[in-house]
Amino acid sequence: MRQISAVKRYQNLKSMHRSTGQHATCLDNTAKTLFINHISYFIREMEEETMKMRKLLPFIATTAIATSVFGFAASADDFNITVNLASEPQTMDPQKNTTLDGGTMMLHLFEGLMTWEDSGEEQVGSDGTCDSSTLTYGQAESYDREENEDGTVSYTFHLRDGIKWSDGVPVTANDFAYAWRRLVDPNTAADYSYMIANVVNAQDIIDGKKDPSELGVEAVDDKTFKVTLTTDLAYFEELCAFPALMPVREDIIEANGDQWTYDVDTYVSNGPYKMTDWTHNSEIVVAKNDEYYGAEELGPDTITFKLMDDQNAMLSGFNSGELNFIEDVPQAEITSLVASGDLKILDYIGTYFVCFNNEQEPFDNPLVREAFTLAVDRTYIVEKVTQQGQVEAGGFVPYGVYDADGATGDDFRTVGGDYYAPTDADYEANCEKAKELLAEAGYPDGEGFPVVEYLYNTNEAHKAVAEALQFMWEDVLGVTVTLNNQEWVSFIDSRKKGDYSIARHGWIADYNDPMTFIDMWETGGGNNDAKYSNDDYDALLDQIRGTMDQGERMKLMHEAEDLVIGQDYGVCPLYFYTQKYMLSEGIKGLHYTTLGYFFFGHTSAE
């Protein structure tokens, strides 16, 4: 079994000194030099000085220094935390969001029927700075499950007493019914509409064949919300905690349209926090929602989400105390931060991959896609470029996703194995096959192959990977690849519209089931940025949704991955993610789920 814990790999990276000249198979010396320049090993003295400065600024809120440097009120009772997840969010609409940073903010502003809480158990790899998360009841206090005579399954949720929106209006079952109908309404154009395709009539509504009012959800009364599924879902509870299924206010959206998210007066939420300010491209500030049923248990009075995409500014802000939590650092700083233990590395259920535009030449040819996939030296990328304990990807669904036997058995990736040899041991053979495939496609040694562009969002780490890929493809295949970067929101828009040839992509599990990776490649799916289409694949998805037998479901999902990766090479998996972060000393109460969400609502300062 090749499976390696990301945390274990991180520990190996901390303890090993790597030779910068090692592992250069199929790369010329120029390419090697350029790669190496991305990783600097000579920043220790500066890093030590900045760390000393940060440690001289203890995390307290009782002095004038804390007020001026951290922005805290000079009172022992006040606690405010400032974090950076990413830059300006694509949207703050729960039904329309598709990003992890947006989802994390929404999990602080809204609450679904279910939610995540601190498990009380330390998250592996966190060195005691973070706990793991466990699923629990949110706006619902209980639910009943019933198998119906027609084969459908109903879940009836009973809402808590006294739950309210941030403006004091009671939360009702109709708020959930409206949100779920809105998600599948074609007029909403929600990318995640397919997520609840198993709800009765959902697919027909998505396809425009039925009205959203016919969705299999019902507000039985103000406190009772009923959902009927065509077939049961093993991960249904997790879906009920997902941002896209959080309630929204019909009266506000109908009165304000898409603009409801841009004004704090109309951005009414039902979660532990409420938005008090959104300075675009600068920060989003949220404050305790006094109407929330658990408000007295919350930690920070405010959480400020700084909107930044400059890794140097992020690390500088963290070292100065302006930022208390960051998820990204400059690529050149990773080695020293890993070695010092300041950069924590956690397991993360996600895949970093290359997205081919399957509809446009030359990537409408599966031979070309396979050639580009095999020409990638994944071991070099994870060991020399990213250096955060990532694991080379031999398939699309990552390690850690349950197979038929759930948490007690082998996971989906272990059962499915690799579709190609992902490590450096077989890279030379992969290169030879890649050349043969490109020649078979009509481009011997790259002759006649058009210049293609690789698109990525502005980020030093993505740039380093992009340049590595550029040289590998040019060196092995003899093709010309140019690079282009865009700011986050523009990049997401370009990729979604198909305005690219090759693009960076990444996908994090929305719940622990292979379907969260498999269903994104359905023809016309909202998150199918590769524009992949295969009738046999779509038919398998229908079969998967039509059975409750876990063994059969998993068998069919393996067959689906066989098609999209093993046969069609619709995308090119690079590696399985790890999650990195830095947290100010003295902050406790952070918790995290390997789906990628951090929770700050119960943090406190020592």
Side-chain angles (χ1 to χ4, degrees), residues 82-110 183 188-193 242-244 246 248 253 256-264 266-267 269 275 277-286 303-314 317 323 326-328 350 352-355 357 453-463 465-466 483-508 510 520 525-531 577 596-598:
T82 301
V83 308
N84 169 245
L85 303 175
S87 55
E88 181 81 1
Q90 180 189 18
T91 179
M92 288 298 288
D93 186 322
Q95 275 76 60
K96 294 185 178 184
N97 174 68
T98 62
T99 65
L100 190 63
D101 55 291
T104 299
M105 287 188 278
M106 288 169 204
L107 283 165
H108 290 79
L109 290 161
F110 293 86
L183 180 63
T188 306
D191 290 339
Y192 268 121
S193 60
F242 191 70
M246 291 174 175
V248 290
I253 295 177
N256 297 277
D258 290 340
Q259 298 302 306
W260 76 277
T261 62
Y262 294 102
D263 186 336
V264 295
T266 57
Y267 197 77
S269 59
M275 186 188 294
D277 180 63
W278 183 356
T279 304
H280 292 281
N281 296 302
S282 178
E283 64 183 23
I284 290 176
V285 182
V286 303
I303 305 172
T304 299
F305 295 98
K306 288 290 187 181
L307 308 176
M308 307 164 65
D309 61 9
D310 184 329
Q311 288 79 27
N312 289 295
M314 293 171 193
L323 295 172
I326 58 175
E327 287 187 335
D328 211 351
Y352 190 109
F353 63 99
V354 171
C355 199
N357 189 331
E453 180 183 88
Y454 181 88
L455 182 67
Y456 64 96
N457 55 298
T458 305
N459 177 289
E460 285 302 311
H462 298 324
K463 179 182 179 182
V465 172
L483 305 181
N484 182 27
N485 66 292
Q486 296 178 345
E487 298 306 311
W488 178 240
V489 174
S490 298
F491 168 75
I492 291 295
D493 186 59
S494 294
R495 195 177 64 192
K496 190 164 296 299
K497 289 179 178 177
D499 293 339
Y500 73 93
S501 291
I502 328 172
R504 184 204 79 80
H505 209 324
W507 195 253
I508 311 304
D510 298 319
M520 70 184 294
N527 288 312
N528 186 354
D529 293 350
K531 313 303 176 187
Y577 274 111
Y597 300 118
F598 283 96

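Computation of the quantities below employed the complete heavy-atom set of this structure, encompassing side-chain atoms and omitting hydrogens, waters and symmetry-equivalent molecules.
- Across all their heavy atoms, Ala503 and Tyr454 have their closest contact at C-CE1, 4.1 Å.
- Heavy atoms from other residues, nucleotides or ligands lying under 6.0 Å from CG of Asp258 number 12 at most.
- Using a 3.5 Å distance cut-off with no hydrogens or angles, the side chains of Asn459 and Asp328 do pair a donor with an acceptor.
- In this structure, Tyr267 has its ring center under 6.0 Å from that of Trp260.
- Pro89 and Ile284 make their closest contact through CG-CD1, 4.0 Å (heavy atoms, listed as atom of the first residue, atom of the second, distance).
- Minimum interatomic distance between Pro243 and Leu107 (heavy atoms only, all atoms of both residues): CG-CG, 4.3 Å.
- In this view, Tyr456 satisfies the ring pair (Phe, Tyr, Trp, His ring centres under 6.0 Å) rule with no residue, not counting sequence neighbours.
- Residues Gln259 and Thr266 come closest through the heavy atom pair O-OG1, 4.3 Å.
- No side-chain N or O of Asn97 forms a donor-acceptor pair with one of Tyr192 less than 3.5 Å apart.
- A donor-acceptor pair shorter than 3.5 Å cannot be found between the side chains of Ser87 and Glu487.
- Between Asn485 and Thr458, the side chains place a donor N or O and an acceptor N or O closer than 3.5 Å (distance only, hydrogens not considered).
- A donor-acceptor pair under 3.5 Å is formed between the side chain of Thr91 and the backbone N or O of Asp93.
- Looking at Thr304, its side chain never comes within 3.5 Å of a backbone N or O of Thr82 through a donor-acceptor pair.
- Atom CG in Asn84 sits 11.5 Å away from atom CD in Glu283 (nearest 0.5 Å).
- Formation of a donor-acceptor pair under 3.5 Å by the Lys306 side chain with backbone atoms of Gly317 is not found in this model.
- Side-chain N or O atoms of Glu88 include one that pairs as donor or acceptor with a backbone N or O of Asn281 at under 3.5 Å.
- Side-chain atoms of Trp278 and His280 include a donor-acceptor pair closer than 3.5 Å.
- Electrostatic pairing of Lys497 and Asp529 does not count as a salt bridge here, judged by no charged N lying under 4.0 Å from a carboxylate O.
- In this structure, Gln95 contributes its side chain and Met246 its backbone to a donor-acceptor pair below 3.5 Å.
- For the pair Met308 and Ile326, the minimum side-chain heavy-atom distance is 4.5 Å or more.
- Side chain of Arg495 to main chain of Arg504: a donor-acceptor pair is present (N/O by atom type, distance under 3.5 Å, no hydrogens or angles).
- The distance from atom CH2 of Trp507 to atom CG of Leu100, rounded to the nearest 0.5 Å, is 10.5 Å.
- Between the side chains of Asp277 and Thr279, at least one donor N or O sits under 3.5 Å from an acceptor N or O.
- Side-chain contact between Asn527 and Thr98 is present, with at least one heavy-atom pair separated by less than 4.5 Å.
- Considering all non-hydrogen atoms of both residues, Leu455 and Ser494 come closest at CD2-CB, 3.9 Å.
- Side-chain contact between His462 and Tyr352 is present, with at least one heavy-atom pair separated by less than 4.5 Å.
- Here the closest non-hydrogen pair linking Thr104 and Phe598 is CG2-O, 3.4 Å.
- Lys463 places no side-chain N or O within donor-acceptor distance of the main-chain N or O of Asn457, the cut-off being under 3.5 Å.
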